Structure formats: C-alpha cells, structure tokens
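Worth saying up front: this structure is predicted, and the values here are computed from it rather than measured.
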Amino acid sequence: MWLLNNLRQLSGGALALLLTTAALVPAACGNKEPEKAAHKAPAATTDETGRVKVEPGYFLFPIKPGKPNFLAGSMGELRPNHFHGGLDIKTDGRTDLPVYASADGYISRLKQSSFGYGNVLYITHPNGLTTVYGHLNRFLGPVADTLRARQYQKQTYEIELFFTKDQFPVKRGDVVALSGNTGGSGGPHLHWEVRDAEDNQLNPLQWGGFAEIQDHVAPSLQAFAVEPLSIDARVQGRFDKAVFVPNPLPGPGVATVWKDTISAFGTVGILLQAFDRYDNAWNKNGLQRVEVKVNGQPLYTHEVDGVPFPEGSREINQHVDYEWQKTHGRTLEKLFVDDGNSLKMYTTGPSKGMLNVQAGKLYAVEVRMSDSYGNTTPLSFVIRGQEPMYFKTRSAAVKKPSLRYEITRNILKVVAADPDTARQAGNLTLYRGNRLLELRPSYTVQSENVYLYDLRAGRPDSIRFGSVTRRFDRQALIPSGQEFAFSTSNMQLEFKPQTLFDTLYLQTSYKEGLWTVQNPRQPLYQPLRVTLRPEQPVTDKERSAVYLINARGGRLYQGGKWEGEAISVPVKTYGSFRILADTLPPTARLVRKSPQGLTFQVGDNLSGLASYKLYINGQWRLLKYEYKNATLFTDPQDHTVPLRGPGELHITDQAGNQRVIKFTI
C-alpha cells in the first residue's frame, strides 16, 4: 500500500503521510458483526433486456434537491485502476451541506475510514436497490450515536457496521449526513452511487437524469487509433498502432470526418480518446455510450450503465490500452473486447468488435460518442484494404547493426537496425536449442527491418541478425485463467486463475538485493504472490518488509510474512522490490491543545503508521485521522471523555516501532 513517506518521494512533499488501511484497522473491525447481520434486499425488477427498472423521479437528488447543481465526476469515468462507480456531486467547494436520503428505506450499513470512501452511508430501498453516500463529514441522528458507542466499545476509529431493516428507517428527503472531504477525496464533494443486491454499480442517470444537472454539451473527440491485432495485420503498412489526432481539435459535438483514407489489412481494432462536459462545468467526464458501425452495420457498442464492484471495476485496465497509457500518456479506450475482459457492458457480434479488413475493399467507419443526456458527437473515417507488401526505406544515420524487440499479445516484433544498402534486407535467425528458424523481414523503415513471429510456436533462446546476437530474456509463458508457479534460486511467483488478464511472457531479474518482476507498464488483474529469498540472512525480520521501488527511487511499503529465510507478499503491480528494515519509530507533534480539541502532526520515515491510540486520564479517547494533511485530531462534538488532565498518544508504525507522546491539558 502507498504510504505517506513514499508519497513524499512521489510527489515532492505534497502529501505528508498515508497510513495503510489493512494495518490501521484492528482485526475485529471491517467484518460483519453476527448480531447485526446485513438484511438481504429483494431483487430489483428488470425489463426484457435485463436492465434494472426504476420509475423516473424515484430517486431524489441528494444535494440541494430542486436547485441547480454540478457534477465533478460521471458514472464509468476512466480513473486509475477503476471505473468511477457513481456520480461525484459538487458541494460549493465546502463541507457540511445537508445530504438527503434519495428514497424511502433503511440505513443498512455505514463505515468510518481514513481511506477510500471515507465516511460512507448505505441506504437500502424497498425495490432492492441501495444508494451509497461517500466522503461524508459526519453522520446524523441515532445511527451516529450507535457508531460512536461502538467505536468506544471496540476502541477504534476505523469501523464498519451493518444493520437490519427495522433499526434505522429513513424517509425520502430525510437529512442523514453532512457532506465532507474524507477518505480518498481530492476536494469537497459527495460521491453518490446506486447499487443492486449483487453490488453492481449502476448509472443513476440512466433512468431519466435529474433536473438539478443540466447537460447540453456533447462529448469532445481528442484522438482515435487503428491497431493491428493479428500477425498478418498492418495499419498504414506497419505492425504498429496508428494514432490520429485532429488538428485543430474539434469542439463539443462537432462532427469529425477524417479526410485521409487509412490503409489496413487483417484483423484490426479501433480505439478512441474523448471526454464529456456538463453545462457550466470545466472538469472532463467520461463517455456513457460509444457505438461503432462499419458500412452501416453495427460492429460494437459499449454502455457504461453497470459495473460489477469491486472485481469488474479493475477490468478498466483491459478496457483501455494500459501500456500505451503508461508509455505515451494518452488514454485510449478499446472499441473491441480484448482477451481477458469479461465485463458485460458490450454488445458485439462473434468478432468482439474487431474488424477483418480484406484487400481491395473499403470500410466506412462511423463512431458515435454519447453522454447520459443523449448529446452525441460523430466521427467517421474510411479504411481501405491493402495487402501487405515488402518495402524498404533507408536512413544514412544507421551506421552499425543492432537489435531490439517487444511483445504485443503473442507476437514477437524484432527490429534490426541494418546499414546494408541491398534492396532486400537479410533474414533474422531465431535459435531454440539445436534448432534454428529463419525469418524474412516484413518491411524496412529508415533502415530498420521488422520481423514478426508468433510465440505460441515456441519461445526462442536467442535472436541473431548478422553479427549481432541477443538473448531472449522471457523466461516462461504464464497462461491466464489457471494456477501457475514460477521459481528461480531467489524468487517464487504464484499466479492464481485471476491474477492475469491474458497470457504473460515473464521476465524477471535479480541484482544486489533488487528483485524485478516484469515491468509496471503491464497490468495485473488480481494480486500476484511474490516470495523473495535474500542472499544473506536477515537478522531483524520483525522490522524488515518488502518495498516497491519506483522509477524515482521512492520506497512503497508492501509488507510481507516471513517463513524461515523467505518473505512472501501479495503485490498489485509489477516492478522492482527490495527488503528493507525500518528501525526508527514514527514521529508526532502536538500542534493544538485545549479542552475543546487536540491536533497532532504525525509522520514516519519508511514503513508508515499502522495504529494510533489516545488516552486521557488513562481512558481511551476517539481520534480521527486525515492523511491528506497528516494530522490526528479529536472530534469537537465528542464529549465522551473530557479533554482535561494527563494524556498520552501511542503511535506504532508498520514495522512495530512505537512512540509515546505525553502531555497535560
């Protein structure tokens, strides 16, 4: 998990501390309590297509109902590692606006946390749907009293409670909370969701929208791309994604007709970059629907009206071109269903939205981008089928031969710099054991020959062009959808059926205490269990853990469990890892002290804080934590334990180092 001291290295000190959720929450918290088991809601009714039916006007807008308002985020918006699961409603740049229950029902669940949704409330309704209200500043009414009593009983701020339907009933329009900026919020707003009984996040705007939110602004196109998806495929004569950026960029709703015909062949996919805006709002939001037709016939549609939570949300990393995003900074949505993507929001034929381009044929492509209010922006272009032919262009800058390669899906693409002036480039040799395979060049661009090979025919040991030989450093083919283990002398990797989106050609290395697993430009679906075996015995295992080392040298705490001389940890991203020991205790400074309230500034040098406890006159006192400014503070409305007399703050970091701060009020 990402900790404050790591974020300091990531963002130059913009954030001061991040406590990790897992260690911050005591073992007894975050689980359903037997005496308060959640009530199973009835299933919501659906129409003939399986979509949830809700009458227009059933849900009340939860912030300033009946008055103009604005959204900071839309349903399905593309966020890092997840689809945005609801609506982010602006709260005039401040906290403590009344939050209204959107319909009759009962408070079925609440959670108080320093992370994620922060303070979040769930209301279950008679139709089987649940509304979710996140980043709240505080809860109101009897449920707030129950929360505080349970926090003192369990002596923890971080807590999750479940309730039965007769405990805390609410009526449509009841004020149930005050808006805030808690958890992972980047500014004051209300995160509002609608979920079904299976926790699918549903688009609240699909049932007619809200008068409070006006949207007459159509989406804006930024770029589109065409990508070869099979070994014989080409776009503009190459086995490369071709990205097309209008110049100047068209405004909202402006129809774009790409004037140049795009040549292609074989199986190709279309990708899109675009955004949407609401009336009188500057922030960029996601698209709700994208439709593709070819020669007037439907090829592909996606509609972001429901995302399974939490598993389906992470599948955004297969919905977009993750590697292109990491390497080029441009987020391209795939307008085809790639392998490993099991989301149900797509409508395609057997081709899954991929287009088979044949030589000599023309394909008129129409792309329509729409928002939840029906505003639409069209894009059209023409693809001409052109069979690949060998061609060669030269560059005087290439003076000596060299080799590089990359892998896209199952295709090995080798690029050989070739100073030879012959009209036809030489062959490439792949070695595997005692066997060799000669590959002809597919094409040559600026004296660089391109060779293509399907790795499903077998992984080579090495690659040779002329006098240059390179070892093929992918050590194993790891299939998706099944368990698989890979080991070296100092590392073991355990892949579960849902660890990978698609087949992985694994690359690992080890040098001087630094283990590298693949590269962070590729996504993991579910965590990968990594076991590291250091060369020298670690003497202080209690304070030693695994850290992810980022490109700037930042150290991100991952944790780990020691078994003998090896340490195992689940990781959510590929990268480089070290085992480091944290021997220094965390720090804390009392910056405000009075009978009305206490505030502490906290920090840690390496692993980050794991827990904190405040005692006044020997009695446990509730503290809140705000990681965005690295402070612990008391609630001015909590008078359970008076702030008078001797006090102690006990803080512990992830490595078990402790510090006690004593003071008197």
*Determine, step by step, whether Y58 and W207 satisfy the ring pair (Phe, Tyr, Trp, His ring centres under 6.0 Å) criterion, reporting the C-alpha distance in whole Å, the side-chain angles of both residues, the deciding distance to 0.1 Å, and the verdict.*
CA-CA 9 Å; Y58 179 83; W207 303 300; 8.9 Å; no
*Check whether any side-chain heavy atom of E315 sits under 4.5 Å from a side-chain heavy atom of F501, and report yes or no.*
yes
_Derivation and outcome, salt bridge (Lys or Arg N to Asp or Glu O under 4.0 Å), residues R138 and D635_ = CA-CA 10 Å; R138 64 176 63 254; D635 183 349; 3.3 Å; yes
*Which atom pair, heavy atoms only, marks the closest approach of Y574 to L528?*
CE2-CD2, 4.2 Å
*Looking only at side chains, do T95 and S179 share a donor and an acceptor under 3.5 Å apart?*
no
_Qualifying residues under side chain to side chain donor-acceptor pair (under 3.5 Å), relative to H82, sequence neighbours excluded_ = none
*Keeping the roles fixed (side chain from D215, backbone from D371), state whether a donor-acceptor pair exists under 3.5 Å.*
no
*Verify whether the ring centers belonging to F163 and F168 lie closer than 6.0 Å.*
yes
_So which atom in Q151 and which in Y157 form the shortest heavy-atom distance, rounded to 0.1 Å?_
NE2-O, 2.9 Å
*Side chain of E212, backbone of G66: donor and acceptor closer than 3.5 Å?*
yes
*Are more than 12 heavy atoms from other residues, nucleotides or ligands located less than 6.0 Å from atom NZ of K293?*
no
*Quick one: do D321 and K334 make a salt bridge, cutoff under 4.0 Å?*
no
_Side chains of L161 and L147, heavy atoms from C-beta outward: is any pair under 4.5 Å?_
yes
*Grab the two heavy atoms, one from A72 and one from N283, that are nearest each other, plus how far apart they are.*
O-ND2, 3.3 Å
*Examine distances only and state if a side-chain atom of Y346 and a backbone atom of L335 form a donor-acceptor pair shorter than 3.5 Å.*
no
*Do I270 and Y300 have side-chain heavy atoms sitting under 4.5 Å apart?*
no
_Main-chain N/O of N203 paired to Q206 side chain as donor or acceptor, under 3.5 Å_ = yes
*Taking the side chain as every heavy atom from C-beta outward, state whether T301 and R289 have any atom pair closer than 4.5 Å.*
yes
*Side-chain contact test, heavy atoms from C-beta onward, threshold under 4.5 Å: evaluate it for Y625 versus L609 and give yes or no.*
no
*Can you name the nearest heavy-atom pair linking P378 to R368, along with the distance?*
CB-NH1, 4.1 Å
*May I ask you to test the R195-Y122 pair for a side-chain heavy-atom distance under 4.5 Å?*
yes
*Short question: side chain of R314, backbone of Y525 - any donor-acceptor pair under 3.5 Å?*
yes
*Look at K624 together with E626 and state whether they make a salt bridge at an N to O cut-off of under 4.0 Å.*
no
*Do F139 and N119 have side-chain heavy atoms sitting under 4.5 Å apart?*
yes
*Decide whether S220 and D276 meet the rule of one side-chain donor and one side-chain acceptor closer than 3.5 Å.*
no
*Begin from the C-alpha positions of Q558 and V530 and carry the test side-chain contact (heavy atoms from CB on, under 4.5 Å) through to its verdict.*
CA-CA 11 Å; Q558 305 294 295; V530 177; over 6 Å; no
*For D145, enumerate each residue passing the salt bridge (Lys or Arg N to Asp or Glu O under 4.0 Å) test, keeping only those at least two apart in sequence or located in another chain.*
none
*For the pair H135 (side chain) and T182 (backbone), establish whether a donor and an acceptor sit closer than 3.5 Å, ignoring hydrogens and angles.*
yes
*asked:* Could you check whether any side-chain N or O of H84 sits under 3.5 Å from a backbone N or O of G76, counting only pairs where one atom can act as donor and the other as acceptor?
replied: no
*Taking the side chain from K628 and the backbone from G183, do they hold a donor-acceptor pair closer than 3.5 Å?*
yes
_Please tell me whether Y117 and W192 form a close aromatic pair, meaning their ring centres lie under 6.0 Å apart._
no
_Checking N137 against N181: is there a side-chain donor and acceptor pair closer than 3.5 Å?_
no
*Test applied, side-chain contact (heavy atoms from CB on, under 4.5 Å); reference residue, M369; option that passes from L379, N375, T376*: L379
*Side-chain donor-acceptor pair under 3.5 Å between S114 and E158, yes or no?*
yes
*Can you name the closest pair of heavy atoms from V571 and L524 and give their distance?*
O-CD1, 3.8 Å
*Has K284 got its NZ or CZ under 6.0 Å from the middle of the six-membered ring of F275, at an angle within 45 degrees of the ring axis?*
yes
*State, yes or no, whether a side-chain contact exists between V99 and L178 at a heavy-atom distance under 4.5 Å.*
no
*Of all heavy-atom pairs between M75 and V304, which one has the smallest distance, and what is that distance?*
CG-O, 3.8 Å
*Between R79 and D88, is there a side-chain N and carboxylate O pair less than 4.0 Å apart?*
yes
_Pair H216 and Y278, ring centroids less than 6.0 Å apart_ = no
